[in-house]
Amino acid sequence: MNLSNESFVPNWSGSLSEGKAAWKSPSNIALVKYWGKHGIQLPNNPSVSFTLNNCNTQTSLQWSPKAGTDSKRTFLFEGEKNPEFGQKSFSFIEKIADYAPWLKELDLIIDTKNTFPHSSGIASSASGMSALALGLMSIEESLNADLSQDEFFQKASFLARIGSGSASRSLYGGLVQWGTHKESIGSDLFGTAYEHPVHDVFKTYRDTVLLVDRGQKQVSSTVGHGLLKDHPFADTRYQLAGKNLSAFRPVFANGDIDGFIDIVEREALMLHALMMTSNPYFILMKPNTLAIIEQIWAYRNESNIPVSFTLDAGANVHLLFPSEYEQKVSEFVDSELVGYCQNKQYICDHVGSGPERLNND
Ligand code: DP6
């Protein structure tokens, strides 16, 4: 796609008034993983993810022309001040200043909440940054009546990416790609709805998130990405990510569940193999992560029910399966897996249709 950073600098000279907007934006789970970046949050390989539904962030934004000389920012998490989370939003707002020049003229109140426990180990950056980016685009929309829906979401993805790479994939429903790839129109600057045919089975896929460890991660994603810089397997990894994205194409088109399982589990284990072979090396899986994986494999062999797993940068396991097996898999989770989850907690989610504008009231 022939767009550059400059394409996202708005031509703005309008007058500002006050306004309000609220957005619900989902988390996503990568099937081909983004691990390794350069420049301003640009990916070293293309990735593709399922957009989720139930794991989401709801953010409301209130803006008005600044009352003093400096613009005032207020951040509330679940209705209360939260300096740590606020800092993340404020530093994001600083980083995107060139693309939202009107922000320096505005006072802003950001009020946000997640549907999932924020210490659950589920990355809230994808849903959080995309919800905030959408709110900021609502401000831009109020200043530019010519902004099309496509441009709105494309720039929201562009902004969200600067906040957190994986957040760029939360702006569309279903399957979303981020990063250039020879077989597609994808861009490194923003996510795009997966452009090739997708079989119905993948439109309602289930993701039960098994919460193995709710603790703080020992190694942040940003540090993990950085360790790919001098990683001995980095170049091979980037090539394989591209190949896996190509291999997914007939799998998605034909509803090939066995093919899906093969690629998705290989990607998950490759991500963690990269962590284990970084310098310094680290392990984010816990004993219960491995115990769950073994149970999933045993159950798949015995029952022929096509459950599979993926992992993100943490110990939790995402149990993926076609919706038709929901009842049986739920029994499996309750009888065999829940004992490995911290406080017996898991979240039932599924492929969703993307962000939603909320009523302001
Ligand atoms: C393992 O998007 O959290 O979940 O860009 O530094 O914010 P930053 O990293 P982040 O990395 C996500 C990595 C991953 C794989 C993925 O979602 O593709």
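Every heavy atom of this structure was used, including side-chain atoms; hydrogens, water molecules and symmetry mates were not. Remember, it's 1-based here, ligands and their atoms both numbered in the order they're listed.
The two atoms that bring P46 and G179 nearest to each other are CB-O, 3.7 Å, heavy atoms only.
Of the polar atoms of W35, none of the N or O atoms is found under 3.5 Å from an N or O of ligand 1, judged by distance alone. In terms of polar-atom proximity, S47 is not counted as a contact of ligand 1, lacking any N or O under 3.5 Å from an N or O of the ligand. By the 3.5 Å distance cut-off applied to N or O atoms, K33 is not counted among the residues near ligand 1. Remark: ligand 1 and G165 share an N or O pair separated by less than 3.5 Å (distance only, no angle test).
Proximity of a side-chain donor or acceptor of N343 to a complementary backbone N or O of Q345 within less than 3.5 Å is not detected.
Ring to ring, Y99 and F158 are close: their centroids are under 6.0 angstrom apart. Remark: aromatic rings of Y205 and F260 are close, center separation under 6.0 Å. Here F50 and H350 keep their ring centres 6.0 angstrom or further from each other. Ring centroid separation for the pair Y172 and Y194 does not come in under the 6.0 Å cut-off. Between F190 and W178, a ring centre-to-centre spacing not shorter than 6.0 Å is recorded.
Ligand 1 places these atoms under 4.0 Å from at least one heavy atom of T222: 6 (O). Atoms of ligand 1 found under 4.0 Å from any heavy atom of L271 (numbered from 1 in listed order, with element): 1 (C). Within ligand 1, the atoms closer than 4.0 Å to a non-hydrogen atom of A30 are 16 (C), 17 (O), 18 (O), numbered from 1 in the order shown. Atom numbering of ligand 1 starts at 1 in the shown order; those under 4.0 Å from a heavy atom of A313 are 1 (C). Within the listing of ligand 1, atoms 5 (O), 6 (O), 8 (P) sit less than 4.0 angstrom from a heavy atom of K37.
Taking 4.5 Å as the limit, some side-chain heavy atom of L189 sits within range of a side-chain heavy atom of L42.
Using a 4.0 angstrom heavy-atom cutoff, R161 does not count as in contact with ligand 1. Not close to ligand 1: M129, with no non-hydrogen atom less than 4.0 angstrom away.
Residue-level proximity to ligand 1 for N28 is absent, since no heavy atom of it falls below 4.0 angstrom. Both the backbone and the side chain of S164 come within contact range of ligand 1, each with a heavy atom under 4.0 Å.
Side chains of S127 and S27: no donor on one and acceptor on the other come within 3.5 Å.
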